[in-house]
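Structure record follows, encoded as structure tokens.
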Amino acid sequence: MSTNTQCLFPQSRYYGKFTPENLVFNANLQEFSHRVGIICGLETGGKISSQEAYLQVAELWQQLEQSKQNLFT
């Protein structure tokens, strides 16, 4: 990963019990967290409304729940 990419999209190490499913879910969770941070910044900066921010976060949450169901069932 290039330095610019690491700065824009940081990934933390995974310290939990290693299984492929846990590792993938951790990556999905970090992606969720990163995107929520961007949405919050856009809402705080007045670029999107609070309602739009809520809807986008709710959609991301549904995607995260679906990925968890797919990985752990």
Side-chain angles (χ1 to χ4, degrees):
M1 214 184 278
S2 73
T3 305
N4 289 340
T5 304
Q6 289 174 347
C7 182
L8 294 174
F9 305 107
Q11 286 268 328
S12 298
R13 293 184 63 173
Y14 178 66
Y15 292 100
K17 180 181 176 188
F18 177 78
T19 64
E21 292 85 7
N22 286 348
L23 191 63
V24 170
F25 183 69
N26 180 265
N28 291 344
L29 190 57
Q30 288 187 46
E31 175 81 15
F32 170 80
S33 173
H34 181 73
R35 288 183 179 209
V36 167
I38 291 172
I39 292 168
C40 289
L42 290 171
E43 192 275 332
T44 301
K47 301 294 182 185
I48 61 174
S49 69
S50 296
Q51 182 65 23
E52 179 64 26
Y54 173 82
L55 292 174
Q56 288 184 20
V57 171
E59 183 179 332
L60 288 174
W61 179 256
Q62 292 298 321
Q63 292 172 5
L64 183 65
E65 283 185 326
Q66 186 64 40
S67 77
K68 181 181 176 193
Q69 289 175 359
N70 291 340
L71 287 168
F72 296 106
T73 57

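In this chain, numbering begins with 1 at the start of the sequence shown.
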Measure the spacing between CG of L60 and CD1 of I39 and express it to the nearest 0.5 Å. 4.5 Å
Looking only at non-hydrogen atoms, find the nearest pair between V57 and F32 and report the distance. O-CE1, 4.3 Å
CD on Q63 to CD on E31, rounded to 0.5 Å: 9.5 Å
Do L23 and L64 land in one hydrophobic cluster if side-chain heavy atoms of ILVMFWY residues count as linked below 4.5 Å? no
Return the set of residues passing side chain to side chain contact (heavy atoms under 4.5 Å, CB included) with L42 (not counting sequence neighbours), or none when no residue passes. I38, K47, I48
Consider only side-chain heavy atoms of I, L, V, M, F, W and Y, link residues closer than 4.5 Å, and tell whether F72 and L29 are in one cluster. yes
Heavy-atom distance under 4.5 Å between the side chains of K68 and E65, does that happen here? no
Looking at side-chain heavy atoms only, is the closest gap between Q30 and H34 below 4.5 Å? no
Give the other cluster members for L55, using side-chain heavy-atom distances under 4.5 Å between Ile, Leu, Val, Met, Phe, Trp and Tyr residues; answer none if it is isolated. Y54
Distance check, rounded to the nearest 0.5 Å: N26 atom CG versus Y15 atom OH? 11.0 Å
